[in-house]
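Only one structure is covered here, and it is reproduced in the block below.
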Amino acid sequence: MKQSPKRTVTSKQVRRNQRVFGRSLLVLFSLALLLFIGRFSYIAIGKNVQNVNLSSQAKKLYTANQTLKAQRGTIYDASNQPIAEDTSTYSLYAVLDKNQRSIAGKPMYVTNKNKTAQVLSKYLPISEKKALAYLTPKSKNAFQVEFGAAGQNISLTTKQKIDRAHLTGLTFVQRQARLYPNGVFASHLIGNVTSTAKGQLVGTMGIEGADNDLLKGTDGFKKVSQDNNGYQIPNSNQKAKKPLNGDNVYTTLDSRLQTLLETQMSALQDKTHSKTMNAVLMNAKTGAIVAATQRPTFDPQTGEGLNSVWRNTLIQDAYEPGSTMKVFTMAASIDSGNYNGNATYQSGRYEIGGRTVPDWNPGGWGTITYNKGFALSSNVAMAHLEQQMGAKTWEKYIKRFKFLQSTHFGLPGEQSGNIAFNRTIEQADTAFGQGIQVTAIQMMQGLSAIANNGKMLKPYLVRKIVDPNTGKVVKSYGKKEVGQPVSATTAKAVRGHMEDVVYKKYGIGSDYKINGIRVAAKTGTAQVSDGKSGYLSGDNSYLYSVAGMAPAKNPKYVMYITMKQPTLPGTETATQLMADVFKPVMKRALQEDTSTSNQQTADKMLSYVNRSASGAKSDLISKGYKVTTIGTGTRVLKQSPIAGQSLLSKQRVILITSGTQSMPDLTSWSASDVLRLGQMVGLNVKTKGNGFVAKQSIAVGKQIGQSDKLTVSLK
């Protein structure tokens, strides 16, 4: 039987189509292979995909970049003890997700919540119940939890205690922090820091802010090659750059005098609730600021009080000084040859240009000499002196004393002051400190000329700045004469008149007498400007001040105190209240100066580590130091100050031995000494108030351990 022709044609077509399709598919595969080979070759040679460098990405994937943090520079006092220094604090969080395990399969989440809560309550300011509540959140899907304020700012010592419990799931995050061991201590001059999002500390005021670029240092880095599991590859190349630590700043502040000044100023503020107060003690021979503070103030360690006033009122507040300005009026009158102290005038009131200049005692004291008028702080006497020498001469001396211009003290925001000096009455007003605005630091500079026999010195706070990486002094500061506004004879004569204020029967500054020390002083009372064209009214609308120096014949120290708008108690005058600050601080300064001058060379701390504890104590006591030994062991394990540090006369030395440690009697200890003790034995120390220890929370003789919390009240 014959096959159908139609069926035969169809089979041939199918075979032909199959051959065509096969050839086409082979061509397509060949083209795809060529494209793949070409693309692979391009990538292999060029190492780029969509403008992404694959080699670079691979290196990043297997290279760990570590930042090596630079240490912020330390700020020291005059005895090279730290006022502000770097430290590390930690924040804590707990991982709850049970899927979190290590490569070896070990749990990296909290496995025992009860034990964890118990340990945390032992070392952190949190109860066991509250810690357990954090560890048992309502959401069962919570990955991790934090512990509020209790889990922040944890010290290294506390972290180590928690680590010893070997708890799973706890993670500490380290961050740089700043330690201010003295608490309230020239706070606006030293300043404080804030932390950026990257954990960098940045100074915001005072020395911390002004010298931030020098203090901050430069971070380093380290690049390490690692495998898929994150482990460093042995013998791999590493790139590293060491961090450059920030420069150290050495100030002129005397810790003992500064602490005493803070104590006295706090007591005064508690009595008067003044709007603002300033107190400054300066070395008359060099211009070095020995102690300075203001109220309101703040604790840079805790931040308490920081929002009360951000201004550094020492340099940023310009005000009308009142009668302390009469020191410069008297100096100008004498130096210009116009002064006749035995000449007389009618006190009480004086008409100038249709306006009246009144004395603070409206009835006056009758017809008196100009010498007596100064001791009585007569405004009328000063107005006469200004008229006698003439406005141009008076203005010349204002400029000679460098009022109305910056002292270039070195901190930001310093004011220059201003003056109203067009009308006759305005010119006369400035002679008794009204109508002219000055800063406290300008007053200190001007007073230095009176104390230093006419040679005016620039006040300074920083002695030197040192690069700790090289040991080289980057900047140094010291005594700097900035003019001689009056002669030595004039300066001595003015000091004589200031002595009359204190020692004459009619003088109004007798509250500033110090037994065994001759003091030259001038008090002041000024109306406070209302910020417009007049003055505030009422009993609490004055700025009180005192400028003093001692010993009067050859001053070693100058002190200036202002008290703005206080609420005076009925039992004490403003003069008596300010004398409670002036006298103890000035007396202590002169006593320290005498003891220092008797020492030919400054003592350096020796190393007593590994030596007999009893022998070390006997040796130190024989040299006049206060010694506290902690522990019942026979050999010294730790000491403070450390070997090589300078020692103050009668400074406290702390020696740590092995054995049982008991709480010493802290009565009359300074806050810095208590904090040193806390750091050495691991106590959590909290201070209240300013000054010296009056009460302590742990009884004398009680055994102490690293988990103990110590609270001391300072007065």
Side-chain angles (χ1 to χ4, degrees), residues 66-75 82-95 116 119-126 130-131 134 144-165 167 169-185 187 190-206 208-209 212 215-217 219-220 243 245-246 248 298-306 640 671-672 674-688 705-711:
Q66 300 175 4
T67 298
L68 304 178
K69 286 286 188 180
Q71 183 175 323
R72 188 173 177 84
T74 300
I75 302 175
I83 300 172
E85 59 184 328
D86 255 16
T87 186
S88 291
T89 62
Y90 299 83
S91 58
L92 171 67
Y93 67 86
V95 176
T116 301
V119 171
L120 294 182
S121 66
K122 184 178 180 180
Y123 298 117
L124 299 180
I126 188 173
K130 191 169 184 179
Y134 276 116
Q144 66 186 47
V145 294
E146 297 180 356
F147 298 89
Q152 303 293 321
N153 298 317
I154 299 170
S155 68
L156 175 60
T157 303
T158 302
K159 173 188 177 296
Q160 290 171 339
K161 293 173 186 174
I162 296 172
D163 284 341
R164 290 190 197 108
L167 302 168
L170 295 184
T171 302
F172 290 92
V173 179
Q174 183 181 4
R175 72 177 183 87
Q176 279 185 302
R178 201 69 164 155
L179 176 65
Y180 299 92
N182 297 319
V184 176
F185 187 94
S187 299
I190 302 304
N192 68 338
V193 296
T194 57
S195 183
T196 66
K198 295 182 178 180
Q200 184 99 20
L201 297 180
V202 179
T204 57
M205 65 171 70
E208 294 274 32
N212 183 68
L215 286 163
K216 68 181 182 181
D219 289 344
N245 292 332
N248 296 326
F298 69 97
D299 185 338
Q301 189 62 40
T302 64
E304 183 179 356
L306 185 58
S640 178
S672 59
V674 176
L675 288 167
R676 276 198 297 137
L677 173 65
Q679 290 172 350
M680 293 181 78
V681 300
L683 296 173
N684 293 319
V685 178
K686 182 179 181 182
T687 61
K688 294 181 179 179
Q706 290 192 339
S707 60
D708 291 336
K709 297 176 182 178
L710 171 65
T711 301

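Everything numeric here is computed off the predicted structure, so don't read it as measured data. If you read the sequence from its start, that first residue is 1, and numbering goes on from there.
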Could you pull out the closest heavy-atom pair between Arg72 and Asp86, with the gap in Å? N-OD2, 2.7 Å

Contacts of type ring pair (Phe, Tyr, Trp, His ring centres under 6.0 Å), residue Tyr93, not counting sequence neighbours: none

Distance in Å, Asn245 CG paired with Leu215 CG, rounded so as to fall on 0.5 Å steps: 11.5 Å

Closest approach of Ser640 and Arg676, non-hydrogen atoms and distance? OG-NH1, 2.8 Å

Rounded to the nearest 0.5 Å, how far apart are CG of Asp299 and CD of Glu304? 7.0 Å

Rounding to 0.5 Å, atoms CG (Leu201) and OG1 (Thr196) come to a distance of 8.0 Å

A side-chain contact here means heavy atoms from C-beta on lying under 4.5 Å apart; do Asn153 and Arg175 qualify? yes

Between Asp708 and Leu683, is there a donor-acceptor pair closer than 3.5 Å when you use the side chain of the first and the backbone of the second? no

Within this structure, what is the CD1-CD1 distance for the pair Ile75 and Ile83, rounded to the nearest 0.5 Å? 7.0 Å

What do you reckon, is NZ of Lys130 surrounded by more than 12 foreign heavy atoms closer than 6.0 Å? no

Within the 4.5 Å heavy-atom criterion, are Leu156 and Thr87 side-chain neighbours or not? no

Distance-minimising heavy-atom pair for Phe298 and Gly305: CB-C, 3.5 Å

Does the side chain of Ile162 come within less than 4.5 Å of Leu124's, by heavy atoms? yes

Find out whether Leu710 and Val674 are in side-chain contact, i.e. whether some heavy atom of one side chain is under 4.5 Å from a heavy atom of the other. yes

For a 4.5 angstrom cut-off between non-hydrogen side-chain atoms, does Gln176 reach Val193? no

Heavy-atom closest pair (Val184 atom, Ser187 atom, distance to 0.1 Å) is CA-OG, 3.7 Å

Heavy atoms only: give me the nearest Gly217-Ala70 pair and the separation to one decimal. C-CB, 4.1 Å

CZ on Arg178 to CD1 on Ile190, rounded to 0.5 Å: 10.0 Å

By ring pair (Phe, Tyr, Trp, His ring centres under 6.0 Å), Phe147 pairs with (sequence neighbours left out) Tyr134

I'd like to know whether Leu92 forms a side chain to side chain contact (heavy atoms under 4.5 Å, CB included) with Leu120, so could you lay out the CA-CA distance, the side-chain angles of the two residues, the decisive distance to 0.1 Å, and finally the verdict. CA-CA 10 Å; Leu92 171 67; Leu120 294 182; 3.7 Å; yes

In Å, rounded to the nearest 0.5 Å, how long is the span from CG of Asp163 to OH of Tyr123? 11.0 Å

Near Gln160 CD, under 6.0 Å, is it more than 12 heavy atoms from other residues, nucleotides or ligands? yes

Main chain of Tyr180, side chain of Gln301: is a donor-acceptor contact present, judged purely on distance under 3.5 Å? yes

Glu208 and Asn192, any side-chain heavy atoms less than 4.5 Å apart: no

Looking at every non-hydrogen atom in both residues, tell me the closest pair between Gly203 and Asn212 and how far apart they are. N-OD1, 2.9 Å

